[in-house]
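In each ligand, atom 1 is the first atom listed, and ligand 1 is the first ligand listed.
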Amino acid sequence: MGLKKEDAHVRRGFRSILSNPFIFDKFQKLLGLSRCKARYVSIMNPRSGMRILDIGCGTADILEHLPEGIDYHGYDLQPEYIDYASKKFRGRGQFYCQDAASLKVKGGSAFDIVMINDIVHHLNNDDAKRVFKIAFACLKDDGYLSTIDIIKIENQSWLARYIMSKDRGQNVRTKSEYEGLVGRDYSITEEYVLNNMYYVPYTCLVIKAGKKRVE
Ligand SMILES: C[S@@+](CC[C@H](N)C(=O)[O-])C[C@H]1O[C@@H](n2cnc3c(N)ncnc32)[C@H](O)[C@@H]1O
């Protein structure tokens, strides 16, 4: 997969309208992402008091599903989303505009959970590998990675393939391609392929993984 950075995350043409955070939020809800996030958070199992890093946080609407008392740090490339999240969730987290592939986490690392939600299909392979390595460096020894993304599966309907081809993220992968990017530093502890989570025929892969222990 040889996509360049700017081709992996399309912001031109009709997709540019999604740069508006209000429209992006409404669009996500229309696709059924609220229901999907509620299910995802139940798998992630975050608890009050945890320190959570969200790489590619968008408008940070995952906060609507997280318990109170989370020390939340969200990073995204789009300044409009970060401004919107900072206002909407004032006092519930810290929000920064940065490129995930060269992320410099502010205020120290040592997170209980690093979330990488629905962003990997916006990244080329080199950047995606970098992001999983950055996440690894930001995790406490007993912390865990939690990630969800859309995937290609065999015999997927033409409609699902067509909708994916119109996504701003141009790097939708298969399950094994995705696992390959997560890399050998992690031990996958839970993994789910979920269908019927959205109102469009998307298939998602959820992975929970801890740091691999060196004996
Ligand atoms: C489909 S949205 C998902 C947003 C959020 N994680 C969620 O689950 O609602 C993908 C997000 O990845 C962000 N993104 C794409 N490329 C990025 C990069 N290189 N660095 C940081 N964020 C990026 C986009 O701006 C967008 O907010």
Exercise for the section: Search all heavy atoms of Ala128 against all heavy atoms of Arg173 and return the closest pair with its distance. Expected result: CB-NH2, 4.5 Å
Practice task
I would like to know whether Phe95 and His73 meet ring pair (Phe, Tyr, Trp, His ring centres under 6.0 Å); could you show each step before the answer?
Solution key: CA-CA 6 Å; Phe95 309 93; His73 299 241; 9.2 Å; no
Exercise for the section: State the atoms of ligand 1, each with its element, that fall below the 4.0 Å cut-off from a heavy-atom position in Asp99. Expected result: 18 (C), 19 (N), 20 (N)
Practice task
Please identify which atoms of ligand 1 are closer than 4.0 Å to at least one heavy atom of Gln28.
Solution key: 9 (O)
Exercise for the section: Indicate, as side chain, backbone, both or neither, the part of Cys57 found under 4.0 angstrom from ligand 1 when only non-hydrogen atoms are considered. Expected result: backbone
Practice task
Measure Ile55 to ligand 1 on non-hydrogen atoms and call it side chain, backbone, both or neither using the 4.0 Å cut-off.
Solution key: neither
Exercise for the section: Give, for atom CD of Gln78 and atom OG of Ser19, the distance between the pair rounded to the nearest 0.5 Å. Expected result: 4.0 Å
Handout entry: Any Gln98 heavy atom less than 4.0 Å to ligand 1
Key = yes
Practice task
May I ask whether Phe24 has any heavy atom positioned less than 4.0 angstrom from an atom of ligand 1?
Solution key: yes
Completion exercise
To atom 3 (C) of ligand 1, the nearest of Asn117, Thr59, Asn124 on a heavy-atom basis is Asn117
Which donor-acceptor pairs under 3.5 Å do the side chains of residues 22-29 make with protein atoms, sequence neighbours left out?
residue: Asp25; atom: OD1; partner: Thr59; partner atom: OG1; Å: 2.5
residue: Asp25; atom: OD2; partner: Tyr84; partner atom: OH; Å: 3.3

Practice task
Please say whether the positively charged group of Lys211, taken as NZ for Lys or CZ for Arg, lies over the ring of Phe136, i.e. under 6.0 angstrom from the six-membered ring centre and within 45 degrees of the axis.
Solution key: yes
